[in-house]
Structure formats: C-alpha cells, structure tokens
Number of protein chains: 2
Amino acid sequence: MQRDTRQRRAIRDVFMSVARPLTPDEVLEHGRRIVPSLGIATVYRNVKALVAEGWLSEVKLPGGGLRYELAGGPHHHHFLCRTCDQAFDVDLCPDEIEEMAPAHFQVESHELVLFGRCEECV
Amino acid sequence: MQRDTRQRRAIRDVFMSVARPLTPDEVLEHGRRIVPSLGIATVYRNVKALVAEGWLSEVKLPGGGLRYELAGGPHHHHFLCRTCDQAFDVDLCPDEIEEMAPAHFQVESHELVLFGRCEECV
DNA sequence: ACGCGATTGAGAATCCATTATCATCTGGCC
DNA sequence: GGCCAGATGATAATGGATTCTCAATCGCGT
C-alpha cells in the first residue's frame with residue numbers, strides 16, 4: 001500500500017503553502033528546505049502520483065514544460081513573468097471567451113495567459 | 001548572398017497557402033508535395049531565417065514545440081484541436097483581457113488558446 | 001524491535017526537438 | 001558551359017526534460 005513518507009508530505013506542503021503553479025524544479029527547490037536530501041526523481045514520481053489521484057492538476061503554459069497546481073480550485077487563468085519565469089494565478093475570466101471559435105468548431109476548454117513582469121520584477 | 005532555392009520557395013508557398021500556424025513537421029509534410037527531397041534540417045534552417053527576416057513569427061502554444069505563422073497579420077488568437085493537433089486562427093479577442101492581471105503586475109502581451117475539436121474532427 | 005515491501009536518490013538511460021557536420025548539389029554570375 | 005560559394009539532406013550530435021535502474025533506506029503492520 002502507499003506509505004506516508006517525509007518526501008511526499010513535503011511535496012504536498014510545498015503546493016499548499018506556495019499556492020501557484022510550480023515546475024518540478026521549483027518543487028524540488030522548495031521541498032529541499034523541508035527535506036534537504038530530496039531528489040528530482042522523487043519529485044517527478046510523487047507529482048505524477050498526485051495528479052493520478054486528482055490532488056494536483058497539470059498546467060500547460062506556452063513555451064517550457066509542465067507545471068502543476070492544486071486541483072479542484074475555481075476556474076482561473078495564469079500570469080507568466082518574463083523575467084523570473086514564475087507563474088501566478090489570475091482569477092478573472094472574460095465570459096464570452098468560448099464563443100470566439102470558428103463556426104463548426106467544438107470548444108472544450110480554454111487557456112488564457114498574460115505575459116509581463118510580476119510585482120517583484122517590475 | 002542568399003539564393004532563391006526550390007526548397008525555400010516551397011516553404012514560403014506552404015505558409016501562404018495553408019494560412020495557419022505550422023509545426024516544422026507540418027511544413028516538411030506539405031513542402032514535400034512540392035519538393036519531395038525536402039529534408040527536415042532545411043525546414044528548420046529556412047524557418048529560422050524567415051523568422052529572422054520578419055517574414056514568419058513564432059507561435060508558442062501550450063504543450064508541444066514551436067509553430068510558425070506568417071508575420072505582420074492583425075492581432076488574433078488560436079484554436080488547438082485535441083484530436084488532430086492542428087492549430088487554427090481565431091480572429092476575435094476580448095478587449096478587457098489585459099486588465100485582468102493582479103495589482104502591480106505589468107502586462108506586456110497575452111495569449112488565448114481555445115481547445116476542442118476542429119471542423120474536420122467533430 | 002523485526003521484517004518486508006514500498007520508497008528513495010544518484011546516476012544512467014531515454015525521448016524528443018533542434019542544431020551541427022560534411023559531402024554533395026545547384027543557383028546565379030562570368 | 002563552367003565556376004564556386006551558398007544551400008541541401010542524411011546523419012550524428014546536442015540539450016533539456018522526464019523516466020528507469022538498483023542498491024540502500026524506511027514506513028508500518030505484527
């Protein structure tokens with residue numbers, strides 16, 4: 001059966017305290033403040049498992065690789081800082097957004113990304 | 001100096017006739033209908049050169065690698081078909097979109113992507 | 001405390017997109 | 001037609017993200 005390890009607990013704590021989409025490297029960096037020996041393979045394994053059990057969801061932003069965030073939250077979008085490459089949540093969403101598709105196209109979901117400089121990098 | 005080769009002409013023709021963002025592989029596939037010997041390295045080289053001279057622009061969509069489209073067109077967004085993975089243009093754009101950022105964040109640009117099934121794949 | 005099977009972590013291996021290499025080919029000028 | 005530097009194309013090499021391997025470690029039920 002699945003065991004409750006320090007590493008897995010640390011990874012969950014990271015997502016709960018940081019509250020924004022994180023790359024595996026960011027998870028590693030934050031997680032090592034809790035469990036210094038944490039390895040990247042463990043991050044990938046646990047993130048994958050947490051996605052499978054529905055606790056995390058994948059966030060695909062233009063450009064780089066996948067990020068992950070707590071699943072189950074309300075609909076929202078993201079802001080990607082061009083300077084520090086951190087992603088942040090954006091709570092608003094224009095409601096007419098899915099009516100913009102070409103005729104005869106079926107829209108299933110959408111993603112809106114703002115690019116710029118975050119508060120720290122302005 | 002730069003020479004006007006069959007391959008480069010074919011690649012330009014592909015973008016002008018297809019009129020949607022293309023991956024290098026899609027450019028190769030379409031280009032081979034014009035110049036069957038076309039190689040992927042030539043596609044990458046020419047696409048890169050066409051971006052450098054401002055004739056093409058890069059399109060970064062969530063997930064996979066880069067796509068390219070004719071530069072200089074009006075502001076627009078994209079639709080990505082989950083079934084055939086082809087990208088299409090979406091001409092509309094909600095105008096309040098860049099006002100959604102968190103306070104103290106500077107927005108420089110934005111990207112909106114609709115996901116679903118294109119006309120062919122419905 | 002014991003034992004075992006799940007988990008970890010370091011490094012190797014893999015995957016995929018892109019770029020470099022280099023012998024061959026070819027546009028454009030004479 | 002002939003030259004030759006730029007261009008091509010097959011293949012190898014690269015780089016970055018992710019996964020695999022496997023010996024060592026460690027939850028957890030007994």
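Throughout, protein chains are lettered first and strands after them, A, B, ... in sequence-line order, and every chain is numbered starting at 1.
In this structure A:E69 satisfies the salt bridge (Lys or Arg N to Asp or Glu O under 4.0 Å) test with no other residue, sequence neighbours excluded.
Salt bridge absent: B:R20 and B:D89 never bring a charged side-chain N and a carboxylate O closer than 4.0 Å. Ionic pairing of A:E108 and B:R117 is present here: one or more N-O contacts between side-chain nitrogen and carboxylate oxygen are shorter than 4.0 angstrom. Under a 4.0 Å N-O distance rule, the pair A:D13/A:R8 does not qualify as a salt bridge.
In this structure, B:D85 places its CG atom 14 Å from P of C:dC16, rounding to the nearest Å. D:dC26 atom P lies 14 Å from atom CG of A:L38, rounded to whole Å.
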Look for any protein N or O under 3.5 Å of an N or O in nucleotides 18-21 of chain C and output each such pair with its distance, or none.
unit_1	atom_1	unit_2	atom_2	d
C:dT18	OP2	B:Y44	OH	2.4

What's touching nucleotides 27-30 of chain C from the protein side, N or O pairs under 3.5 Å?
unit_1	atom_1	unit_2	atom_2	d
C:dG27	N3	B:R3	NH1	3.4
C:dG28	OP1	B:D4	N	3.2

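No continuous path of hydrophobic side-chain contacts links A:L66 to B:L66 [ILVMFWY only; heavy atoms under 4.5 Å].
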As a quick check of understanding, evaluate side-chain contact (heavy atoms from CB on, under 4.5 Å) for A:L61 and A:V59, giving each step before the final call. CA-CA 6 Å; A:L61 297 184; A:V59 177; 3.9 Å; yes
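Donor-acceptor pairing under 3.5 Å is recorded for the side chains of A:H110 and A:H75.
Counting non-hydrogen atoms under 4.0 angstrom, A:N46 reaches the backbone sugars and phosphates but no base.
Here the two rings, on B:F105 and A:F88, have centers that are under 6.0 Å apart.
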